[in-house]
Amino acid sequence: MKPSIPSGTRDFSPEQVAKRTYIFDTIRQVFIRYGFQPIETPAMEKLSTLTGKYGEEGDQLLFKVLNNGDFLKDAKDLDNYKKLAFQIADRGLRYDLTIPFARYVVMNHDKIALPFKRYQIQPVWRGDNPQHGRYREFYQCDADVVGSNSLLNEAELVQIYDEVFSKLGFKVVIKVNNRKILQGLAEVLGCPDKMMDITIAIDKLDKIGAEGVKKELEQRGINGELFPTIQQFFAMNLQELATFFANSETGQKGVAELQQLFNYLKDSNLKNELSIDLTLARGLNYYTGCIFEVKVSDENPVKMGSIGGGGRYDDLTGVFGLKGISGVGISFGADRIYDVLEELNLYPDFKNNTTQVLFISFDEASQLYALNTAQQLRQAGINAEVYPDLAKVKKQFEYANKRNIPFTVVVGSDEMATGLLAFKDMTTGQQEKLTVTDIIQKLK
RNA sequence: GAAGGCAUAGUUCAGUUGGUUAGAACGCCAGUUUGUGGCACUGGAGGUCGUGGGUUCGAACCCCAUUGCUUUCCCCA
């Protein structure tokens with residue numbers, strides 16, 4: 001048979017793993033710097049934990065794990081695959097990190113000191129149709145604070161975005177908006193229950209343009225004549241918004257929150273642009289306050305969608321029986337960041353992760369000698385390996401070459417007799433006779 | 001859920017009126033060089049042309065079905 005992997009999944013080569021680790025480590029370091037603590041949750045959750053949290057569409061995209069044993073025991077709807085799926089599967093792969101986190105908070109409520117700041121870097125799975133930049137298995141890097149209503153959290157999360165992308169070495173634009181402002185707009189327009197419809201339409205402004213949004217609004221049952229007002233609204237600054245929201249308490253509150261966020265950040269010397277984008281809506285409907293999205297700055301020659309997002313949600317733990325806990329969080333899209341760094345060629349040198357010296361030997365005696373000498377180098381902190389098979393010297397050198405190992409040491413009877421080893425720089429081709437101590441000195 | 005594209009050596013791909021033994025590049029193995037890699041040259045191994053049917057004297061090529069991968073739309077972020 002021809003080997004293959006499931007659609008929407010990927011293998012990662014040693015080089016790719018090194019690059020991905022670099023991204024994860026950079027994000028992790030900043031999370032820790034701001035006081036976030038790691039948790040990990042299982043790849044599998046009870047299906048009851050996951051269903052109903054991501055909408056009907058999301059339920060269909062959940063990967064379900066077939067029950068062990070006689071899974072047909074409780075199967076009733078054999079003619080309805082959608083129903084049947086939930087009768088023969090009690091578990092599913094996690095769809096995001098936020099719901100498992102909410103579940104964790106509720107289960108460990110007694111042990112957690114609120115406010116609880118946690119970060120989590122793990123893969124998630126979605127049975128979506130894979131396409132460009134969209135996978136069935138991908139990593140999320142989340143940082144959330146629960147149990148605090150303060151906008152100081154939002155401010156710090158913005159600083160985290162700023163710091164991570166500064167470290168990674170490319171400029172981004174951090175866009176903010178507030179769901180209360182969008183809710184206020186819906187109220188002013190006289191259709192307060194249409195907030196989601198308006199935001200979904202607004203969210204597409206980038207993609208389908210003003211006319212498209214107008215059509216979309218009408219399809220969603222909103223009077224198209226309101227569109228000029230909506231367009232006007234987009235052009236407003238915070239002061240004008242305050243006036244616009246004279247009769248909307250919610251809207252006013254949203255404006256005040258944004259104002260407060262900017263006040264917090266006014267002396268923080270952000271290296272990246274922070275801008276209000278009233279068209280920013282984001283799809284998840286549990287957001288209730290500030291919302292964030294990060295895009296690659298236009299000064300970089302890269303075409304890429306959003307590489308991070310987040311926001312505040314009230315009462316996320318409510319569905320699990322713990323009410324009144326507010327949270328705010330952000331997420332990094334590691335897979336897309338990978339592509340950006342790749343295109344901009346911003347990865348540092350990973351040489352320290354690979355072998356620096358390969359020992360080449362001729363026979364069992366010299367191999368044993370190499371085994372022990374390599375150990376000395378390792379103890380000195382130098383990555384070394386011994387070619388494990390008795391092979392022609394040519395083959396061993398070829399191996400060093402293919403692996404990009406920068407130095408080789410040839411061990412033979414002469415070398416063993418004198419203690420002077422044939423140390424070769426594979427880039428220049430220069431070879432010299434050195435003692436083990438000299439070699440260690442040279443490579444340190 | 002809808003529409004398209006692709007499937008030939010380990011990999012990337014060539015392969016038209018349908019006609020002997022299906023090719024290239026890279027990779028792999030060996031040799032030129034029995035203690036020295038990259039470069040070069042020489043030779044070698046490696047394929048049921050995704051699978052099943054059909055048309056035909058004859059199919060990698062045409063037709064149908066099927067599976068897998070992939071792209072776009074919907075959706076999601």
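Sequence lines set the chain letters: A, B, ... in the order given, protein chains first and strands last, and positions in each chain run from 1.
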Can you see if the side chain of [X] gets near the phosphate of [N] - specifically, an N or O under 4.0 Å from OP1 or OP2?
| X | N | result |
| --- | --- | --- |
| A/Ser7 | B/rU70 | yes |
| A/Lys395 | B/rG38 | no |
| A/Gln131 | B/rU72 | yes |
| A/Lys433 | B/rG35 | no |

Could one point to a donor on the side chain of A/Lys394 or the base of B/rU36 with an acceptor on the other under 3.5 Å away? no
Sticking with atom C1', work out how far B/rC76 lies from B/rU72, rounded to a whole angstrom. 15 Å
Atom P, compared across B/rG38 and B/rG50: separation rounded to whole Å: 37 Å
Out of [options], which nucleotide sits closest to the side chain of [X]?
| X | options | answer |
| --- | --- | --- |
| A/Arg336 | B/rU36, B/rG37, B/rA77 | B/rA77 |
| A/Lys402 | B/rC29, B/rU32, B/rG35 | B/rC29 |
| A/Met426 | B/rG37, B/rU36, B/rA2 | B/rG37 |
| A/Gln431 | B/rU36, B/rG38, B/rC75 | B/rU36 |
| A/Asp414 | B/rG35, B/rA30, B/rC74 | B/rG35 |

Could you tell me the separation between the CG atom of A/Leu322 and the OG1 atom of A/Thr317, rounded to the nearest 0.5 Å? 4.0 Å
Which base sits across from [N] as a Watson-Crick or G-U pair, both distances under 3.5 Å?
| N | answer |
| --- | --- |
| B/rU32 | B/rA40 |
| B/rA77 | none |
| B/rA2 | B/rU72 |
| B/rC26 | B/rG10 |
| B/rU66 | B/rG50 |

Hey, does A/Gln140 reach any base, or is it just sugar-phosphate, or nothing, if we go heavy atoms under 4.0 Å? nothing
Sugar-phosphate, base or nothing in reach of A/Ser331, heavy atoms under 4.0 Å: nothing
What is the ring orientation for A/Tyr313 with A/Tyr287, classed by angle as parallel under 30°, tilted 30 to 60°, or perpendicular over 60°? tilted
Atom pair distance, as rounded to whole Å: CG in A/Asn404 and P in B/rG37: 17 Å
Side-chain donor or acceptor of A/Lys442 paired with backbone N/O of A/Ile440 under 3.5 Å: no
Within the side chain of A/Lys117, is there an N or O that forms a donor-acceptor pair under 3.5 Å with the backbone of A/Tyr34? yes
Residue pair A/Tyr104 / A/Gln120, side-chain donor-acceptor N/O under 3.5 Å: no
